[in-house]
Amino acid sequence: MSFPLNPEQQEAVHSTKGPLLIIAGAGSGKTRVITQRVVHLLKQGLDPRNILALTFTNKAAKEMRERIGEDIGGKQARGLTLLTFHSFGMQILQHNAKLLGYSSGFSIYDTVDGMSCLKESAAELKWSADFNTLKQAQSVISRIKTERSDWDEESLPFKALYEEYHRHLKAYNAFDFDDLICKPVRLWAEHPEVLERCRQRYQCVMVDEFQDTSIMQYRMLRQLVSVHRNICCVGDDDQSIYSWRGANFENIRLFETDFPERKEIRLERNYRSTETILDAANAVIRHNQYRKDKNLRPAEESKPEKQDSLIICHFPETDEDEARFVCDTIRKLRSLERVKYDEIGILVRTNGLMRTLESHLLEARMPYVVSGGQSFFQRAEIKDLIAYLRVLQNPDDDVSLLRIINKPNRRIGPKSVEKLRSLAHIRSWSIYETMRDMVMNKDARHPELAESCADFVMLLEELRPQFMSAPSPEVSLSALTKSLIEEIDYWDFLLQQFAERPEGAKRRFDTMQSFCEMLKRWEGYEGRTERTLKSWLARISLITRDDLDDEAEGKISLSTIHAAKGLEFDLVLLCGVEEGLLPHFRSQEEHAYDEEEERRLFYVAVTRAKRWLYLTSCGSRTKNGKQVECQASPFLDEIPTRLTGAEHELSEEDSENMLEQALANLPWLRDSEQD
DNA sequence: GAGTTCTACTTTTTT
DNA sequence: AGTAGAACTC
């Protein structure tokens, strides 16, 4: 990737005034352009404090920060604001919490926390809502808050619940994910002086993955830059795969109308993939109607020494065969083409498909990492631990408090909780305040309740000052957290819970230990300015996936297509290219647009491949324990047949080559290390 | 209030 | 298949 910038890229980097829209096809060196542009701005003498760069994932932010650091040195980039949209929103809220009637130690609720809050709100309204209705309510509320839809017949019945939910959030001093965007927008509208300060500061704004912005995020941007209009958005409508969480790729068109004076640059030279793969990708995406027309073409400079391989479509009988085929292919290409493990990506549409693949990789002793899937921070034991920390930071957080009130068992069961709740309600206090008052004032009316709450209250009262004054030279947060785990004897609690399977308890306990290790590393990081509990909580509440993929080196990536966006591999194996999976059947019921999104997903998967692309589609697969018949995905037919080949049996020559390679690889003969 | 057994259903994707 | 929640028993 050390080619000089091509003319379009040059232009993008050097256009620093006024609105700029960069349509960047897959593999067109987008990240490089953004980082170079930042570097260029800095070299022009712009104060890094005046630059705001927004991304969608922590991973992207991290990568960009590293690349800028490499180019210009971290020191010169200090003060640069390079954040995810959500972190940016959170920062604004932290600085202005008071104006919204919050305090700055607020909690941030993920979907699960939000659901418990919603449940309580429903109970408050005497709704006997079942889980599915609540799920629906949650998605309606989110749609409203991202401005995907307005109140209509479908959502209106939930309006009372919506309001109650927000009353609860506020009482708990908590925000949900969507609040991190929509509250700052409202804050700016109601307090122009706050907006003005931001405008003054951020003279130059850049947005990555612009096609993933929601309408609310777009409004946020527009508010921010409407005066100086120095905004650069980089995106690719063909890679918009997040509309289910509010992404609105039409924002690209909105941008064109709102900023008629914009400059528009297209990056269509692809530095990543072989011509075969590009042809396939172009052919597929052409079937989409709602898109900006573009065509990826190979960059002239790109490597003629690499020969083009056909795209292999393979149709195994079952998912077991598919997994076996994946392992065989990896073995073969490693041997014949010397593909390295970390240049291999196995992509799937749904997390559910990973299990079989994983077990075969394990059996074949192939090193791999999974990205996507349940995050470290969503595991029950970690959520418990975080709930403790949150309650210490923010005692009004009833949701977190209730999560741990009886973990480990303190004889505060549903009955007691109900009582506490009604007492709290009467006085409009938080549950913690209610408990504390009861214990401290030896409430004679509820002796048993006060009795059972006493230890818990005393524990928290004792811990809070310690945590609040940490870190001090003597005590670190991580040490405190470790002792917290001891104090509550979580280990014992786990043993009880996993009486039958002590390994399960062990695993969970280890997870908690690694949480402490992470905290320790975070604390130890020298560039850190704030090491308080508050900032740690803020930091981790926006990490949903493990962006901390430390040890991906030398390992195969097993990933959902969504999680693979932005990555590239020499060899991509896309599994489960089946009707109902890709396109996913849930998408077929709804809008016509959704078929296009599924196609974009397929397109994203295809364009991850640099040299070899394998697509598999099974005759049947095990789903939820039962064997289900499968049909090949219609998307497969959109790849011109001249580009595809069926997988052939290994020829004699291949086998010989493989044997030869294997021998050459024997440790005592090998002279050069690989992987 | 805690522990046990049974049922139902899950996940499409993630900040 | 595995888990979470509900119902049921002590």
Side-chain angles (χ1 to χ4, degrees), chain A residues 54-61 83-90 108-112 114-115 119 130-132 135 139 142 145-146 175-182 209 212-214 216-217 240-247 347-356 359 371-375 377-380 406-419 448-449 452 493 496-501 504 540-547 559-565 576 580-590 594 597-598 600-602 604-605 622-627:
Chain A
L54 295 172
T55 64
F56 274 83
T57 62
N58 299 298
K59 198 161 125 194
L83 296 170
T84 64
F85 265 95
H86 288 83
S87 324
F88 179 58
M90 177 166 71
I108 289 164
Y109 285 175
D110 66 15
T111 329
V112 177
M115 184 49 86
K119 219 176 192 166
D130 62 289
F131 188 68
N132 281 330
K135 270 245 128 91
S139 95
S142 174
K145 296 218 276 193
T146 50
F175 291 110
D176 67 15
F177 279 145
D178 296 323
D179 284 332
L180 298 178
I181 309 298
C182 70
E209 306 282 12
D212 288 338
T213 47
S214 66
M216 194 54 90
Q217 284 163 335
S240 167
I241 53 176
Y242 284 109
S243 69
W244 47 271
R245 69 157 201 227
L347 306 187
V348 291
R349 174 66 219 270
T350 68
N351 277 305
L353 299 198
M354 289 193 190
R355 205 168 242 127
T356 323
S359 70
S371 46
Q374 199 204 15
S375 141
F377 294 95
Q378 286 169 316
R379 300 192 196 166
N406 208 25
K407 261 180 216 170
N409 291 344
R410 303 187 170 92
R411 309 193 59 80
I412 312 178
K415 273 265 162 54
S416 312
V417 167
E418 226 11 83
K419 193 166 228 163
E448 325 83 19
L449 193 51
S452 40
F493 170 71
Q496 257 179 48
Q497 224 181 354
F498 292 88
E500 258 94 284
R501 309 187 327 119
I540 60 176
S541 51
L542 291 178
I543 304 180
T544 45
R545 210 191 331 137
D546 307 339
D547 301 307
S559 163
T560 62
I561 302 175
H562 282 89
K565 191 156 99 160
L581 222 42
L582 186 65
H584 198 273
F585 60 87
R586 287 275 293 263
S587 73
Q588 290 169 14
E589 301 153 6
E590 317 207 351
D594 285 282
E597 175 139 330
E598 295 292 314
R600 290 194 289 268
L601 213 37
F602 184 56
V604 167
T622 332
K623 253 195 137 190
N624 307 335
K626 267 279 142 279
Q627 202 75 8

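Just so it is clear: chains get the letters A, B, ... in the order the sequence lines come, proteins before strands, and each one is counted from 1.
- Taking atom C1' in both C:dA4 and B:dT13, the straight-line distance is 22 Å, to the nearest Å.
- The CG-P distance, from A:Asp110 to B:dT13, rounds to 15 Å in whole Å.
- Atom NZ in A:Lys119 sits roughly 13 Å away from atom P in C:dA4 (whole-Å rounding).
- Comparing A:Phe56 and A:Thr350 by the nucleotide of DNA chain B that holds the closest heavy atom to each, the one mapping nearer the 5' end is A:Thr350.
- What separates CZ of A:Arg600 from P of B:dT12 is a distance of 19 Å, to the nearest Å.
- The base of B:dT13 is paired with the side chain of A:Arg349 by a donor and an acceptor separated by under 3.5 Å.
- Listed here is the closest heavy atom pair of A:Met90 and A:Ile108: SD-CD1, 3.0 Å.
- At the phosphate of B:dT13, neither OP1 nor OP2 sits under 4.0 Å from any side-chain N or O atom of A:His562.
- Nucleic acid contact class of A:Asp178 (heavy atoms, under 4.0 Å, all strands): none.
- Stacking of the aromatic ring of A:Tyr242 onto the base of B:dT14 is not found under the criterion of centres within 5.5 Å and planes under 30°.
- Using a 4.0 Å cut-off, no side-chain N or O of A:Asn351 falls inside it from OP1 or OP2 of B:dT12.
- Using a 4.0 Å heavy-atom cutoff across all strands shown, A:Thr111 reaches at least one base atom of the nucleic acid.
- The 12-atom threshold is not exceeded at NZ of A:Lys119, counting heavy atoms of other residues, nucleotides or ligands nearer than 6.0 Å.
- Under the 3.5 Å distance criterion, the side-chain polar atoms of A:His562 are matched with a main-chain donor or acceptor of A:Ile241.
- For B:dT14, one of the phosphate oxygens OP1 or OP2 lies less than 4.0 angstrom from a side-chain nitrogen or oxygen of A:Thr560.
- Along DNA chain B, the nucleotide closest to A:Val417 and the one closest to A:Ser87 are compared, and the more 5′ of them pairs with A:Val417.
- Following rounding to the nearest Å, A:His584 (NE2) and B:dT10 (C1') show an atom-to-atom distance of 11 Å.
- Here the C1' atom of nucleotide B:dG1 and the NZ atom of A:Lys419 are 14 Å apart, to the nearest Å.
- Under the 3.5 Å distance criterion, the side-chain polar atoms of A:Glu597 are matched with a main-chain donor or acceptor of A:Ser243.
- In terms of heavy atoms, A:Asp212 sits closest to A:Ser240 at OD1-CA, 4.1 Å.
- Put simply, A:Asn406 has a side-chain N or O that comes within less than 4.0 Å of OP1 or OP2 on B:dA2.
- Closest of all the heavy-atom pairs between A:Lys145 and A:Met216 is O-CE, 3.4 Å.
- With hydrogens and angles left out, the side chain of A:Trp244 and the base of B:dT12 share no donor-acceptor pair within 3.5 Å.
- Between the CD atom of A:Gln627 and the P atom of C:dA1 there is a distance of 12 Å, rounded to whole Å.
- The separation of C:dG5 from B:dT12, taken at their C1' atoms, amounts to 23 Å, rounded to a whole angstrom.
- Nucleotide B:dT13 holds its P atom 14 Å from the CG atom of A:Leu347, rounded to whole Å.
- Between A:Glu209 atom CD and B:dT13 atom C1' there is a gap of 15 Å when expressed in whole angstrom units.
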